[in-house]
Structure formats: structure tokens, C-alpha cells
2 protein chains.
Amino acid sequence: MNMDAIFKVLANPVRVRILSWLKDPGTHFPPMIHLPEAEQGKGYVCVGLIQEKAGVTQSTVSHYLNLMKQAELLSCKRIGQWTYYCRNEATLQKTADYIARM
Amino acid sequence: MNMDAIFKVLANPVRVRILSWLKDPGTHFPPMIHLPEAEQGKGYVCVGLIQEKAGVTQSTVSHYLNLMKQAELLSCKRIGQWTYYCRNEATLQKTADYIARM
DNA sequence: TCTAAATATCGCATTATTTCGATATGGTCA
DNA sequence: TGACCATATCGAAATAATGCGATATTTAGA
């Protein structure tokens with residue numbers, strides 16, 4: 001758990017919004033029609049839809065998602081041409097605990 | 001509650017360490033001998049001692065403490081020539097809750 | 001009122017982050 | 001294979017954060 005990297009991710013409001021959208025993809029994104037049945041309902045969202053909603057360029061959102069993955073705030077899975085990201089709830093919970101105890 | 005400002009504070013490891021020292025000043029700082037009896041045990045620590053331990057210049061630590069106060073992560077009280085800072089536990093708790101729910 | 005101590009503020013150089021456009025990579029399907 | 005789509009990576013310019021030294025402010029005490 002690299003708390004330094006985690007807090008650096010959170011220091012950017014667009015990244016925080018992405019995290020919060022991924023908390024409940026159903027209300028923030030259309031259905032992931034290319035995602036196989038077995039992966040539905042796990043909170044995965046593809047990069048393109050996140051980019052659209054975030055209002056930044058494709059390269060920027062890709063960079064953000066990578067930072068969030070390095071910090072283990074997100075996990076990802078590549079399926080076909082798409083990369084799907086979802087929250088890593090364990091890291092978020094540990095981060096909350098860290099702040100409460102810190 | 002300006003979460004953006006709070007996360008920006010936390011994005012710096014020296015500031016995070018200051019916050020954690022102030023969680024338990026007794027084990028990290030000598031007694032505050034100039035602090036009146038009525039304020040003892042409330043977790044107040046003066047700027048000079050925080051500076052020494054943080055290993056940055058006086059102007060830098062003053063700047064940091066001000067950022068943390070603006071973000072309501074710290075409160076302060078001026079007594080004589082000294083400014084004493086202590087944690088604002090309410091903000092820290094709300095921040096932890098925010099991350100857990102976000 | 002002068003001096004000294006503690007802290008705050010200012011100005012600035014350095015370094016890091018942000019964010020883009022361009023390009024590369026990897027996967028799909030005709 | 002070749003064209004195309006989604007995503008990743010690269011390189012660079014703009015902006016923001018870091019952190020210092022110098023200086024100002026505030027308070028205490030002689």
C-alpha cells in the first residue's frame with residue numbers, strides 16, 4: 001500500500017470523480033454491451049465511456065487510469081479491444097481506515 | 001468541507017507525517033511548557049517543534065500549517081509569541097467517511 | 001521604547017503535475 | 001493482409017506545488 005501514490009491520485013478532482021462514478025456504474029454509464037455475461041455487474045467500465053464523461057482527452061484519461069491502477073485504487077481487465085476498469089474496494093477501505101487512524 | 005483542499009494537503013508526505021505526529025504529541029514532542037494548564041492535554045504543539053521534527057525551514061512549515069488550517073485539518077491558537085496547532089478530528093473523520101462511501 | 005524570540009508572509013528558482021496532440025500498439029474482422 | 005477501432009505511450013508546453021532565504025509582524029520582557 002503506497003499511501004503517497006494514493007493521496008496523489010486523490011489530489012485531482014477529475015480522478016476523484018472517476019472513482020465516485022465507478023462506485024455505481026449503473027447510474028453513471030450505459031450498459032457495457034461488449035462485456036461478457038460473466039463479468040457483468042462487477043462494476044467494470046471501459047475507457048472510452050469514462051473519457052467521454054470526464055471531459056478530458058483520451059490520452060489524459062488513459063494516463064489517469066494508469067496512475068489509479070499503479071496506486072491499486074483501480075483494477076483492470078482487457079477484453080478484446082477494450083480495457084475495463086473497476087474500483088479496488090479493498091484499497092479504498094484501507095485508505096479510509098488509514099486516515100481515521102492516522 | 002473542501003475535499004479538494006484536503007486531498008491536496010494529504011498529497012505531501014511531510015504534511016501527512018505532521019498530521020500523524022499530532023495524533024499523539026506525547027510520544028513525538030516534548031511537553032509544551034509555555035502552554036497554560038487549561039490547554040494541556042488537548043494535543044496542541046507549537047510551530048518551532050513541528051519544524052524541527054519535520055526537517056524543513058520555518059517558512060515552509062508555516063506555509064504547510066497554514067494550508068492544513070485552511071483545509072480545516074488543523075486548528076490553531078495563538079498564546080503569547082507561540083502559535084499552537086492541533087488536529088481537527090472532525091474533519092479527519094469526515095474525510096475517512098467520504099473515502100469509504102465515495 | 002529597544003531588543004529579541006516566534007511565527008507569518010513575500011518573492012523567487014526549482015521541480016512536479018497536468019494535459020494535450022501525435023504516434024505506437026494490440027485486437028477485430030473483412 | 002489491410003483497414004479500422006480502442007487504448008497506451010511519447011514528447012512537449014503550460015501550470016501548479018515545493019521549499020528556500022529574506023523580510024515583516026506580533027508579542028514579551030528589560
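Everything numeric in this text was worked out from a predicted model, so none of it was measured. Letters A, B, ... are given to chains in the order of the sequence lines, protein chains preceding strands, and every chain is numbered from 1.
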Q. Should B/Asn12 be listed as having a side-chain N or O under 4.0 Å from OP1 or OP2 of D/dT18?
A. yes
Q | Toward the 5' end of DNA chain D, by each residue's nearest nucleotide, A/Gln58 or A/Gln81 | A | A/Gln81
In this structure, how many angstroms lie between the [atom2] atom of [N] and the [atom1] atom of [X], rounded?
X       : N      : atom1 : atom2 : value
B/Phe7  : C/dT17 : CZ    : P     : 18 Å
B/Asp4  : C/dT18 : CG    : P     : 11 Å
A/Gln51 : D/dA6  : CD    : P     : 11 Å
A/His34 : C/dG27 : NE2   : P     : 16 Å
A/His63 : C/dA24 : NE2   : C1'   : 17 Å
B/Leu10 : D/dA17 : CG    : C1'   : 15 Å
A/Tyr44 : D/dT7  : OH    : P     : 15 Å
B/Gln70 : C/dA8  : CD    : P     : 12 Å

Reckon [X] touches a base, only the sugar-phosphate, or nothing at all at heavy-atom distances under 4.0 Å?
X       : answer
A/Tyr85 : sugar-phosphate
A/Thr83 : sugar-phosphate
A/Val61 : nothing

(Q) Please compare A/Lys8 and A/Ile79 by the position of their nearest nucleotide in DNA chain C and report the one closer to 5'. (A) A/Lys8
Q. Between A/Gly80 and B/Tyr84, who's closer to the 5' end of DNA chain C by nearest nucleotide?
A. B/Tyr84
Q) Taking C-beta and beyond as the side chain, do A/Trp21 and A/Val16 meet within less than 4.5 Å on heavy atoms? A) no
Q) Are side-chain heavy atoms of B/Asn88 and B/Leu73 found at a separation under 4.5 Å? A) no
(Q) If only side-chain N and O atoms count, and only distance matters, is there a donor-acceptor pair under 3.5 Å linking B/Thr60 with B/Thr57? (A) yes
By nearest atom, which of the nucleotides [options] is closest to the [X] side chain?
X       : options                : answer
A/Arg15 : C/dT18, C/dT19, D/dG21 : C/dT18
B/Thr60 : C/dC20, C/dT7, D/dC20  : D/dC20
A/Tyr64 : D/dT7, C/dT9, C/dT18   : C/dT18
A/Thr57 : D/dT27, C/dC20, C/dC10 : C/dC20
A/Leu67 : C/dT18, D/dT7, C/dT19  : C/dT18

Q. Ignoring hydrogens and geometry, is there a side-chain-to-backbone donor-acceptor pair from B/Ser62 to B/Ser59 under 3.5 Å?
A. no
**Q.** Closest contact, heavy atoms only, A/Leu35 versus A/Gln40
**A.** O-NE2, 3.0 Å
